[in-house]
Number of protein chains: 2
Amino acid sequence: MISGKGRAVEREPEQGQDPRAVADFVERFAAELVVAGMGRMPSRIFSCLMAEESGVLTSAELSERLQISPAAVSGGMRYLIQVGLVAKEREPGSRRDRYRVLNDVWFESLTRRDELLLRWIRVLKEGEATVGAGTAAGKRLEESAAFFEFMIDELHGMLGRWREHRAMRGREEAGGQEEAGGQPEARRQQA
Amino acid sequence: MISGKGRAVEREPEQGQDPRAVADFVERFAAELVVAGMGRMPSRIFSCLMAEESGVLTSAELSERLQISPAAVSGGMRYLIQVGLVAKEREPGSRRDRYRVLNDVWFESLTRRDELLLRWIRVLKEGEATVGAGTAAGKRLEESAAFFEFMIDELHGMLGRWREHRAMRGREEAGGQEEAGGQPEARRQQA
DNA sequence: CCCAATATTCACGTTTTTCTGAAACTACGG
DNA sequence: CCGTAGTTTCAGAAAAACGTGAATATTGGG
């Protein structure tokens, strides 16, 4: 038996799976994002885009799939765009926007972490001065600052290694499997 | 001119700085933590402990310094202890608890990140199956999972390097400066 | 075994956040 | 330059989170 959810794999081996199950996944993943601190709507919207074949949806589509008002989509998008997880594009010849989940989402979002860390470092060093550089508390704060400085460096190194790693994975996959079936549907990105 | 905040450095080069300025720092750093997603009370409590010379405070002390009810301290502590940022100890011969900020707080808290990442990976892989492993969406989800797997490895590597880095910093400091003045006040930890 | 000192839990009032419907705005097509 | 499809903003209702005071539980000392 293959998957076993009632209706067999009729002829859509690549697109129209059970929308029920997909919606389930969307909610489940969104919940994880919420735990990690992202708002509810941004999480659901983002998750929905991730699960979308093309990675692109209009406001109306999101509104329908998630059962939320256009206003909620707009609000959630403001956040997602601001933090660089999603790009807004306008399809020429139409007046509605399309929202695209960016390709290297995680990668990019980690980069943005720097600013936060730098702010922390500044505050901690001021704290060290306030509390007295020679005191135990001062040392504690100083060590925290040092840790975050270290982390910034490490983050950069890591992202470089990910680029490599990812490139290798890509090559392996292309070599080991046939992959040139259809068109290059997943054009790399555009922003 | 040295620091210039009115009263000169009278004779407490190592402990009783302006409580005003310290409280300021506590609030400022707490605000950063809030931005990063931590609750308000946990942030303030944690920040307060970080700025405390001994790194240890009782519930009553926290209650007074932060102007919050004992209930708020208790609630905040439940969180801080759960995520491993603070340890609760009971001083023998007394019936009140003392809360100690752990030494390698950041280090430890990063370690705990693993669980979160593993959960994400699981969810993403289920999503890949749901959506179809061969589809573009499937690949997108799979690549996200791969990124997080990569991150877990990197995290471990990084923590190892931090241990080294930190040990080196410690040695440098001990070598370049006199450090053996008083007692070993900052006994390494106890949990 | 009871008393007193702390800590925790719970129900409640308050503040914040969240989401919606409706109005205002924008930009493309004609 | 107008009309309209679509998006954003805004005020307000609904829901959630927060913090407190009071009650309850726990624990060490006598």
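Every chain is numbered from 1, with letters handed out A, B, ... down the list of sequences.
- Computed from coordinates, the B:Leu57 CG to C:dT6 C1' distance equals 16 Å when rounded to whole Å.
- A:Glu149 places a side-chain heavy atom less than 4.5 Å from the side chain of A:Lys125.
- If you take OH of B:Tyr79 and C1' of D:dG19, they are 18 Å apart, rounded to a whole angstrom.
- Evaluated for a side-chain contact (heavy atoms from CB on, under 4.5 Å) with B:Val86, the options B:Leu102, B:Val56, B:Leu49 yield exactly one hit, B:Leu49.
- Of the inter-residue distances, the one linking A:Arg65 atom CZ with A:Ile45 atom CD1 reads 13.0 Å to the nearest 0.5 angstrom.
- Here the C1' atom of nucleotide C:dA7 and the CD atom of B:Glu61 are 15 Å apart, to the nearest Å.
- Around atom CD of B:Glu27, more than 12 heavy atoms belonging to other residues, nucleotides or ligands sit under 6.0 Å away.
- Contact annotation: A:Lys88 side-chain N/O to D:dT8 OP1/OP2 distance is under 4.0 Å.
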**OP:** Going 5' to 3' through nucleotides 16-26 of chain C, assign each nucleotide B (protein heavy atom under 4.0 Å from a base atom), S (under 4.0 Å only from sugar-phosphate atoms) or - (no protein heavy atom that close).
**Re:** ---SBB-----
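- Regarding B:Arg98, its CZ atom lies at a distance of 16 Å from the C1' atom of C:dA7, rounded to whole Å.
- Separating the CZ atom of B:Arg90 from the C1' atom of C:dT6 is a distance of 7 Å, rounded to the nearest angstrom.
- Between B:Arg95 atom CZ and D:dA25 atom C1' the separation is 14 Å, expressed in whole Å.
- The environment of CZ in A:Arg90 is crowded: more than 12 heavy-atom neighbours from other residues, nucleotides or ligands sit within 6.0 Å.
- The nearest heavy atom of DNA chain C to B:Ser94 and to B:Arg78 marks one nucleotide each, and the one closer to the 5' end goes with B:Ser94.
- Side-chain N/O atoms of A:Ser74 include none lying less than 4.0 angstrom from OP1 or OP2 on D:dT7.
- Shown here is A:Arg112, whose CZ atom has more than 12 heavy atoms of other residues, nucleotides or ligands within 6.0 Å.
- In this structure, the CG atom of A:Asp97 is 10 Å from the P atom of C:dC28, given to the nearest Å.
- For C:dA7, the base has no donor-acceptor partner in the side chain of B:Arg96 [N/O atoms by modelled type, under 3.5 angstrom].
- We find the CD-CG distance between B:Glu108 and B:Asn103 to be 9.5 Å, quoted to the nearest 0.5 Å.
- Using a 4.0 Å heavy-atom cutoff across all strands shown, A:Gly93 reaches sugar-phosphate atoms only and no base atom.
- Atoms CE (B:Met38) and P (D:dA17) sit 18 Å apart, rounded to a whole Å.
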